[in-house]
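Owing to the predicted nature of the structure, the values given are computational and were not obtained by experimental measurement.
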Amino acid sequence: MGTFTKVVLTATLVVFLAVRWTAPRFDAESLRGARVLVTGASTGIGEQMAYHYARFGAQIVITARREKVLQQVAEKCLSLGAQKALYIAADMASESDPDKAVDFALENLGGLDYLVLNHIGPSPFSMWDGDVEHTRWLMKVNFFSYVQMAWRALASLEQSKGSLLIVSSLLGKMPSPFVAPYTSTKFALNGFFGALYHELAMNNSNVSISICTLGLIDTESAMDKVRGVTNVPAYPATDAALNIIITGATRQPELFYPWFTQIVTLSKDWFPSATNYIIQNSYNYNP
Ligand SMILES: NC(=O)c1ccc[n+]([C@@H]2O[C@H](COP(=O)([O-])OP(=O)(O)OC[C@H]3O[C@@H](n4cnc5c(N)ncnc54)[C@H](OP(=O)(O)O)[C@@H]3O)[C@@H](O)[C@H]2O)c1
Ligand SMILES: *[C@@H]1O[C@H](CO)[C@@H](O)[C@H](O)[C@H]1NC(C)=O
Ligand SMILES: *[C@@H]1O[C@H](CO)[C@@H](O)[C@H](O)[C@H]1NC(C)=O
């Protein structure tokens, strides 16, 4: 082995170990009794987050529109070890339901340690066809309700030195075809909560914000859309959920899951034409 190779390998190892050692350790005990509100928790990643928080012994409020399903998820949370598992049905397209859900959690848990904003409204996987009304509605569900709930919970999170978790997407960093309205809502989230992250830091706030960039995850709703359309690999919802929870508990500002979403985020700016070529050719599309 040449001297140069040795130096490069040693340097790589040192950087790797330094990153491992300085990464904050996740202490599962810190979530015992934690007061958590998870939105969009009737199914998918939100449901899996509820189960993980339950196993860690948290006190949970879950919300989504379908009350019957929420009831079943809450029951399972109790059987998994949640200290409390309550639910409230709420439609995040409404003006008042976002506040109602936060108030319910604040009253029943006596405050909040984690606000996990995760819900999304259903949106078609198809080329933009001019449906402005759908886009306006989706903005309410996927964006404005997040802004509203975060503000409503902020005072309590300041008191508890709590955390705000925003579940976003690679499509909040990089536009992608067939999902223009959805992509817009995720860009809006990254913009708004990126700004709020600075403001909280400048205020010496007690609250941490984590913005989570996810790639394709194997939830039913996502798989129904992309089956046969793309062969981008899908990652397990339960693992995505655990990674989001750990990111919040260790107060990290960002999560990239799976890891290569960070590479894609960089490559789209460094090698735009190559990235655009790959994006446009990763779908079965014949006009
Ligand atoms: N799956 C992926 O490939 C992927 C990739 C990147 C990012 N993400 C992000 O991960 C998060 C979770 O995604 P997912 O795939 O788990 O979604 P999902 O399975 O479709 O779940 C969406 C959740 O939101 C709720 N919801 C829908 N409309 C609502 C409304 N109007 N008001 C209140 N709640 C509503 C749904 O319950 P009800 O129907 O009962 O209301 C459900 O609990 C989202 O923020 C998504 O953008 C997912
Ligand atoms: C941060 O927490 C401390 C006590 O834990 C509290 O006294 C202080 O008011 C909080 N900061 C803000 C901005 O609320
Ligand atoms: C920052 O502090 C100022 C002054 O106390 C307050 O008015 C403002 O709402 C705070 N901003 C945030 C995002 O907490």
Side-chain angles (χ1 to χ4, degrees), residues 26 36 38-56 60 62-66 69-70 72-74 76-77 79-80 92 116-126 138 141-142 146 165-183 185-187 189-190 210-249 252 254-265 267-268 275 278-285:
F26 169 57
V36 185
V38 183
T39 72
S42 61
T43 184
I45 299 166
E47 179 188 2
Q48 297 304 318
M49 287 196 281
Y51 297 151
H52 284 301
Y53 278 121
R55 289 187 197 97
F56 291 128
I60 315 167
I62 55 174
T63 183
R65 288 168 306 176
R66 290 169 298 161
V69 189
L70 287 173
Q72 289 162 5
V73 174
K76 187 165 170 189
C77 285
S79 75
L80 288 171
M92 296 305 174
V116 186
L117 299 175
N118 162 80
H119 62 276
I120 45 167
S123 191
F125 188 88
S126 59
L138 197 66
V141 178
N142 292 11
Y146 278 54
L165 278 73
I166 306 297
V167 181
S168 190
S169 167
L170 181 55
L171 303 187
K173 302 254 187 196
M174 181 184 77
S176 192
F178 306 118
V179 285
Y182 172 81
T183 299
T185 66
K186 292 299 186 184
F187 266 78
L189 283 180
N190 281 28
S210 305
I211 300 179
C212 303
T213 297
L214 303 185
L216 186 59
I217 309 299
D218 68 357
T219 60
E220 232 175 89
S221 65
M223 290 299 101
D224 281 351
K225 281 174 188 153
V226 303
R227 199 169 287 125
V229 180
T230 177
N231 43 24
V232 170
Y235 282 71
T238 171
D239 197 35
L242 184 59
N243 276 274
I244 295 167
I245 290 172
I246 292 175
T247 301
Q252 303 271 69
E254 281 201 292
L255 166 70
F256 288 93
Y257 178 91
W259 62 274
F260 62 77
T261 54
Q262 187 160 21
I263 310 283
V264 179
T265 303
S267 81
K268 67 150 177 48
T275 309
I278 293 169
I279 290 173
Q280 287 162 25
N281 288 281
S282 60
Y283 299 94
N284 297 326
Y285 176 68

Student: What pairs with P124 under side-chain contact (heavy atoms from CB on, under 4.5 Å), at least two apart in sequence or on another chain?
Tutor: S126, H134
Student: Looking only at non-hydrogen atoms, find the nearest pair between I166 and L189 and report the distance.
Tutor: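 Heavy-atom minimum between the residues: CG2-CD1, 4.2 Å.
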Student: Tell me every residue that passes salt bridge (charged side-chain N to carboxylate O under 4.0 Å, His left out) with K173, counting only those two or more places apart in sequence or in another chain.
Tutor: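 Checked K173 against salt bridge (charged side-chain N to carboxylate O under 4.0 Å, His left out); matches are E254.
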Student: Under 3.5 Å, side-chain donor or acceptor atoms of residues 232-243 against the rest of the protein: list the pairs with distances, not counting sequence neighbours.
Tutor:
from, atom 1, to, atom 2, distance (Å)
T238, OG1, H52, NE2, 3.2
D239, OD2, Y257, OH, 2.8
N243, ND2, D239, O, 2.8

Student: Once you round to the nearest 0.5 Å, how far does CD1 of I245 lie from SG of C212?
Tutor: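 With rounding to 0.5 Å, CD1 (I245) is 10.0 Å from SG (C212).
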Student: Counting distance only, does the side-chain N/O of T230 pair as donor-acceptor with the main-chain N or O of S282 below 3.5 Å?
Tutor: yes
Student: Test of understanding: with side-chain hydrogen bond (donor to acceptor under 3.5 Å, both in side chains), list the residues that count as partners of T39, not counting sequence neighbours.
Tutor: H119
Student: Could you work out, with side-chain contact (heavy atoms from CB on, under 4.5 Å) as the rule, every residue matching Q262, not counting sequence neighbours?
Tutor: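 With sequence neighbours excluded, Q262 shows a side-chain contact (heavy atoms from CB on, under 4.5 Å) to F256, given in chain and number order.
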Student: To the nearest 0.5 Å, tell me how far S176 OG sits from F125 CZ.
Tutor: 7.0 Å
Student: Looking at every heavy atom in both M49 and V38, which two are closest together, and how far apart are they?
Tutor: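 Smallest heavy-atom distance, with atoms named: CE-CG1, 4.3 Å.
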Student: Between T275 (side chain) and S267 (backbone), is there a donor-acceptor pair under 3.5 Å?
Tutor: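 Between the backbone of S267 and the side chain of T275 there is a qualifying donor-acceptor contact (under 3.5 Å).
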Student: How long is the straight-line distance from CG of N142 back to CE of M92, given to the nearest 0.5 Å?
Tutor: 11.5 Å
Student: Closest heavy-atom contact between V226 and L216?
Tutor: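 In this case the closest contact between V226 and L216 is CG2-CD2, 4.0 Å.
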Student: Run I279 and M174 through side chain to side chain contact (heavy atoms under 4.5 Å, CB included) and show every step you take.
Tutor: CA-CA 10 Å; I279 290 173; M174 181 184 77; 3.7 Å; yes
Student: To check you understand the geometry: which heavy-atom pair defines the closest contact between K225 and V229, and what is its length?
Tutor: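 Scanning both residues, the minimum pair turns out to be O-CG2, 3.7 Å.
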Student: Report yes if some heavy atom in the side chain of P175 is under 4.5 Å from a heavy atom in the side chain of F187; otherwise report no.
Tutor: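 Yes, their side chains come closer than 4.5 Å.
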Student: Check side-chain hydrogen bond (donor to acceptor under 3.5 Å, both in side chains) between D218 and all other residues, then give those that pass, not counting sequence neighbours.
Tutor: none
Student: Would you please test E47 and T219 for side chain to side chain contact (heavy atoms under 4.5 Å, CB included) and show each step?
Tutor: CA-CA 10 Å; E47 179 188 2; T219 60; over 6 Å; no
Student: Is T265 close to L170 at the side-chain level, that is, under 4.5 Å between some pair of heavy atoms?
Tutor: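 Yes, their side chains come closer than 4.5 Å.
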Student: What is the distance from atom CD of Q48 to atom CD1 of I217, rounded to the nearest 0.5 Å?
Tutor: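 It comes to 11.5 Å.
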Student: Looking only at atom types and distance, does a side-chain atom of Y146 sit under 3.5 Å from a main-chain N or O of N118, one as donor and one as acceptor?
Tutor: yes
Student: In Å, rounded to the nearest 0.5 Å, how long is the span from CG of L171 to CZ of F178?
Tutor: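 Result: 12.5 Å between the selected atoms.
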Student: Please report the interatomic distance CG(L255) to OG1(T213), rounded to the nearest 0.5 Å.
Tutor: 7.5 Å
Student: Over all heavy atoms of both residues, which pair between L138 and S123 is shortest? Give the atoms and the distance, please.
Tutor: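 That would be CD2-OG, 3.5 Å.
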Student: Quick one: closest heavy-atom pair of S168 and I211, and the distance?
Tutor: CB-CG2, 4.2 Å
Student: When you compare the side chain of I62 with that of S42, does any pair of heavy atoms fall below 4.5 Å?
Tutor: no
Student: Should P177 and Y285 count as side-chain neighbours, where that means a heavy-atom distance under 4.5 Å?
Tutor: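 SC-SC contact between P177 and Y285 ruled out.
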